[in-house]
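Numbers here simply count residues along the sequence, with the first being 1.
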Amino acid sequence: MSTKLEQRKIRKRIQWRKQDTELTLLALPTLIWYILFSFLPMFGMIIAFKNFKISGNFISNVLESPWVGLKNFEFLFKSNDAWIILRNTIGYNIIFIILGIVLPVMFAIMISLLHSRKAGKVYQTMMFLPYFLSWVVVSAVGWAFFSFDKGILNQFLVGIGQEPMNWYMEPQYWPYILIFLNIWKSIGYGMIIYLATITGIDSTYYEAAVIDGASIWQQTRFITLPMLKLVIVMMFILAVGRIFYTDFGLFYQVTRDSNSLYNVTTTIDVLVFKQLKTATVGMASAAAFVQSVLGCITILSANWIVKKIDSDSAMI
């Protein structure tokens with residue numbers, strides 16, 4: 001009898017319900033999007049191993065193009081600029097990850113401590129607004145500042161008796177400019193995530209801390225930051241998973257593809273785009289393939305390390 005009762009319970013559990021239908025319909029657009037734009041394009045990975053030529057039908061070109069093995073990968077690893085490209089890609093991302101966690105957490109805590117809700121909303125809006133701006137718009141604003149003839153910075157230099165500078169031919173300044181622009185544009189998004197987490201913390205923790213005589217710094221150190229740990233770790237793992245990716249708009253459009261800035265602005269994404277412009281589709285696909293594989297390895301490795309240190313903070 002007990003086995004029959006257990007089987008009936010299992011059948012009831014797996015029985016399709018009306019709520020399951022509603023949730024399925026709700027998830028259907030996302031499922032279709034992933035199939036069309038994430039899974040179907042994976043068929044194109046074989047282009048990385050072929051001498052692909054653009055002519056006629058795409059599918060027939062992919063199937064009929066001759067196999068070349070790993071030759072398309074050779075340009076990425078044997079190129080004289082391979083070290084520069086990897087250095088730029090990984091170096092910038094390490095800085096973006098560190099500043100992209102420290103600064104948003106700091107500003108989120110500062111805004112959460114404001115007594116005026118109106119002031120907090122104003123600061124949130126001001127910091128979140130740049131996130132919605134396109135890099136094309138940022139590039140146009142940058143041109144207004146850095147243009148040699150009519151740029152605001154050069155007009156200021158001339159006004160104080162200095163010689164104007166051709167900013168798009170001065171690579172020593174652009175690492176700082178790119179880091180500033182990236183943080184300026186993304187800090188609001190991260191801050192909102194951490195601020196939402198802080199808002200969800202039970203206020204009784206802070207009330208008890210105040211009764212015990214804890215200062216603002218002690219409340220932040222022993223309550224706020226521990227409560228933010230899971231979100232910080234999750235954001236860190238996701239950021240590490242994209243350490244081989246860079247924002248194409250930031251490194252290509254903002255710098256206006258200046259050849260003088262090649263050594264400080266060329267990343268894997270920029271390289272892939274330039275290879276596509278020269279019709280070497282196989283080489284571009286090979287670079288993107290390596291980029292995806294390394295990104296998958298890094299995110300799994302980061303999650304594994306976090307799991308070893310603190311299993312509760314890992315994503316899986």
_Test log, rule side chain to side chain contact (heavy atoms under 4.5 Å, CB included), inputs I243 and L294_ = CA-CA 9 Å; I243 199 169; L294 292 177; over 6 Å; no
_Pair I97-F236, side chain to side chain contact (heavy atoms under 4.5 Å, CB included): steps then yes or no_ = CA-CA 7 Å; I97 290 171; F236 171 77; 3.9 Å; yes
So, do [X] and [Y] have ring centers that fall under 6.0 Å from each other?
{"X": "F39", "Y": "F43", "value": "no"}
{"X": "F146", "Y": "W174", "value": "yes"}
{"X": "Y252", "Y": "W135", "value": "no"}
{"X": "F289", "Y": "F49", "value": "yes"}
{"X": "Y194", "Y": "F107", "value": "no"}

What closest approach, in Å, do [X] and [Y] show between heavy atoms, and which atom pair accounts for it?
{"X": "M127", "Y": "I111", "value": "SD-CD1, 4.2 Å"}
{"X": "Q124", "Y": "I192", "value": "OE1-CD1, 3.7 Å"}
{"X": "I201", "Y": "M227", "value": "CD1-CB, 3.4 Å"}
{"X": "Q219", "Y": "V210", "value": "NE2-CG2, 3.6 Å"}

*According to the salt bridge (Lys or Arg N to Asp or Glu O under 4.0 Å) rule, which pairs have a member within residues 231-258, sequence neighbours left out?*
D257-K274
Under a single-linkage definition using a 4.5 Å side-chain heavy-atom cutoff for Ile, Leu, Val, Met, Phe, Trp and Tyr, are [X] and [Y] assigned to the same hydrophobic cluster?
{"X": "L26", "Y": "L36", "answer": "no"}
{"X": "F244", "Y": "I84", "answer": "no"}
{"X": "M110", "Y": "V231", "answer": "yes"}
{"X": "M283", "Y": "M45", "answer": "yes"}
{"X": "M126", "Y": "L129", "answer": "no"}

Got a donor-acceptor contact below 3.5 angstrom from the [X] side chain to the [Y] backbone?
{"X": "K185", "Y": "L133", "value": "yes"}
{"X": "N263", "Y": "P171", "value": "no"}
{"X": "R87", "Y": "V264", "value": "no"}
{"X": "T89", "Y": "L86", "value": "no"}
{"X": "T255", "Y": "S258", "value": "no"}
{"X": "N154", "Y": "F148", "value": "yes"}

*Could you tell me whether the side chain of I152 reaches within less than 4.5 Å of the side chain of F156, counting heavy atoms only?*
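Result no, sub-4.5 Å side-chain heavy-atom pair not found.
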*Is any side-chain heavy atom of F145 closer than 4.5 Å to a side-chain heavy atom of W167?*
no
*Could you work out the complete set of other residues in the hydrophobic cluster of I211, with links drawn between I, L, V, M, F, W and Y side chains under 4.5 Å apart?*
none
If only side-chain N and O atoms count, and only distance matters, is there a donor-acceptor pair under 3.5 Å linking [Y] with [X]?
{"X": "T224", "Y": "Y205", "result": "no"}
{"X": "D149", "Y": "S147", "result": "no"}
{"X": "T267", "Y": "T246", "result": "yes"}

*asked:* Tell me which one of V254, L178, V270 satisfies side chain to side chain contact (heavy atoms under 4.5 Å, CB included) with T265.
replied: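 Answer to the side chain to side chain contact (heavy atoms under 4.5 Å, CB included) test with T265 among V254, L178, V270: L178.
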*Would you say Q172 has more than 12 foreign heavy atoms packed within less than 6.0 Å of its CD?*
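More than 12 within 6.0 Å, yes.
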_Please determine whether side chain to side chain contact (heavy atoms under 4.5 Å, CB included) holds for the pair I187 and Y131, giving the CA-CA distance in whole Å, both sets of side-chain angles, and the decisive distance to 0.1 Å._
CA-CA 8 Å; I187 191 173; Y131 178 78; over 6 Å; no
